[in-house]
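We're numbering straight along the sequence, starting at 1. Note that the structure is a prediction, hence the values are computed from the model and not measured. In each ligand, atom 1 is the first atom listed, and ligand 1 is the first ligand listed.
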Amino acid sequence: MATVTFDNATRIYPGSEKAAVDKLNIDIQDGEFLVLVGPSGCGKSTSLRMLAGLEDVNSGAIRIGERDVTHLPPKDRDIAMVFQNYALYPHMTVADNMGFALKIAGVNKAEIRKKVEDAAKILDLTEYLGRKPKALSGGQRQRVAMGRAIVREPQVFLMDEPLSNLDAKLRVSTRTQIAGLQRRLGITTVYVTHDQVEAMTMGDRVAVLKDGLLQQVDAPRNMYDRP
Ligand code: ADP
Ligand code: ADP
């Protein structure tokens, strides 16, 4: 677990005159669930990708805990990211999908097994460990994608519209599951969505972006009067 700091973080895409994200300042607390919300094009993904190390920061800095990670590659940031198209390996079982990153990292089999079993228990996937992804529902696949991230025990969890491929009903139940899981694990989480209801129901705090500028950051209960 760790704090996350956006310190005047700015991203200007090559060829563009305007910053996609302009002097973003947010202090995220240890264990906090922070949601970045706003309309399409406001800079949510760019912000998350700067934190992930997938996008250059043109000025300002990003810190995870005490570490300045602004110029570190993604693999050295101790983060795990769940994308909206959480592509699972179709030919591998759920267990192998979840353990794959650890296997690549050279973790021994017994340890991987233990971590995969623990994550499966938390995510209610134990009975599906031997199945292939195509034999799972959309919500179950989504949980496998989360499991793949959890087994690495990152300091920070990043999610970019992870529910957008699910139908409306499943989105509601899955968002409850994700929020509950985050609270149990207590892992610092930055979650991107364009959906205000999702933001308000899931976040400890919600950061509202518009045209690359941060409009406000507050707990949902303090935001209800706002458009
Ligand atoms: P959001 O995630 O809120 O939809 P983005 O962070 O994707 O917003 O985009 C913010 C702004 O940056 C938009 O104006 C978008 O068109 C622009 N943008 C995003 N990615 C690129 C890119 N690779 N090159 C140039 N401009 C980009
Ligand atoms: P390999 O496929 O390399 O011969 P395994 O059969 O042990 O090795 O599976 C690969 C990885 O997937 C293992 O490291 C293990 O963690 C995970 N795995 C496979 N089956 C299970 C299971 N039933 N429960 C938990 N983890 C499993």
Side-chain angles (χ1 to χ4, degrees), residues 4-28 32-64 68-75 77 79-87 138 142 145-146 149 154 156-168 170-172 174-175 178-179 182 187-220 223 226-227:
V4 170
T5 308
F6 287 92
D7 181 359
N8 277 311
T10 298
R11 173 64 178 151
I12 304 170
Y13 284 104
S16 173
E17 277 150 38
K18 198 175 155 296
V21 175
D22 197 0
K23 299 195 183 74
L24 179 64
N25 284 300
I26 311 178
D27 285 307
I28 304 169
E32 186 172 24
F33 193 126
L34 183 104
V35 180
L36 288 173
V37 73
S40 177
C42 71
K44 304 181 296 293
S45 288
T46 302
S47 302
L48 198 72
R49 290 168 59 82
M50 285 194 288
L51 172 55
L54 299 171
E55 204 68 74
D56 286 345
V57 178
N58 296 102
S59 63
I62 293 180
R63 288 187 290 280
I64 295 177
D68 184 336
V69 300
T70 315
H71 302 292
L72 291 184
K75 67 174 175 45
R77 294 187 180 209
I79 52 163
M81 188 150 173
V82 178
F83 295 93
Q84 89 183 205
N85 47 351
Y86 36 82
Q142 215 282 335
M146 296 207 39
V156 183
F157 212 27
L158 308 185
M159 288 188 259
D160 192 351
E161 305 262 5
L163 308 186
S164 58
N165 287 337
L166 304 179
D167 66 46
L170 199 54
R171 264 208 304 275
V172 172
T174 307
R175 87 185 175 216
I178 291 178
Q182 190 275 342
I187 184 166
T188 311
T189 299
V190 185
Y191 184 103
V192 162
T193 181
H194 65 275
D195 183 328
Q196 289 213 16
V197 176
E198 210 170 288
M200 295 295 192
T201 51
M202 294 179 81
D204 292 321
R205 281 190 306 159
V206 176
V208 182
L209 284 172
K210 192 182 167 197
D211 288 338
L213 294 167
L214 181 64
Q215 306 290 301
Q216 63 173 149
V217 194
D218 216 335
M223 302 182 92
R226 317 246 179 178

Notebook entry, point to check: Quick one: ring-ring contact (aromatic ring centres under 6.0 Å, His included) partners of Phe33, sequence neighbours excluded?
Noted result: Tyr191

Item checked: Residues in the immediate environment of ligand 1 (any heavy atom closer than 4.0 angstrom) -> Tyr13, Ala20, Pro39, Ser40, Gly41, Cys42, Gly43, Lys44, Ser45, Thr46

Next item on the list: Quick one: list whatever passes side chain to side chain donor-acceptor pair (under 3.5 Å) with Asp211, sequence neighbours left out.
Entry: none

Note to self: I need the full list of side chain to side chain donor-acceptor pair (under 3.5 Å) pairs touching residues 35-45, with sequence neighbours left out, sorted by first then second residue.
What the structure shows: Ser45-Asp160

Next item on the list: Evaluate the side-chain proximity of Ile79 to Phe157: yes if any heavy-atom separation is below 4.5 Å, no if none is.
Entry: no

Next item on the list: Give the C-alpha distance, both sets of side-chain angles, the deciding distance and a yes or no for side chain to side chain donor-acceptor pair (under 3.5 Å) between Thr193 and Glu198.
Entry: CA-CA 7 Å; Thr193 181; Glu198 210 170 288; 3.2 Å; yes

Next item on the list: Give the minimum heavy-atom separation between Pro220 and Val206, together with the two atoms involved.
Entry: CG-CG2, 4.1 Å

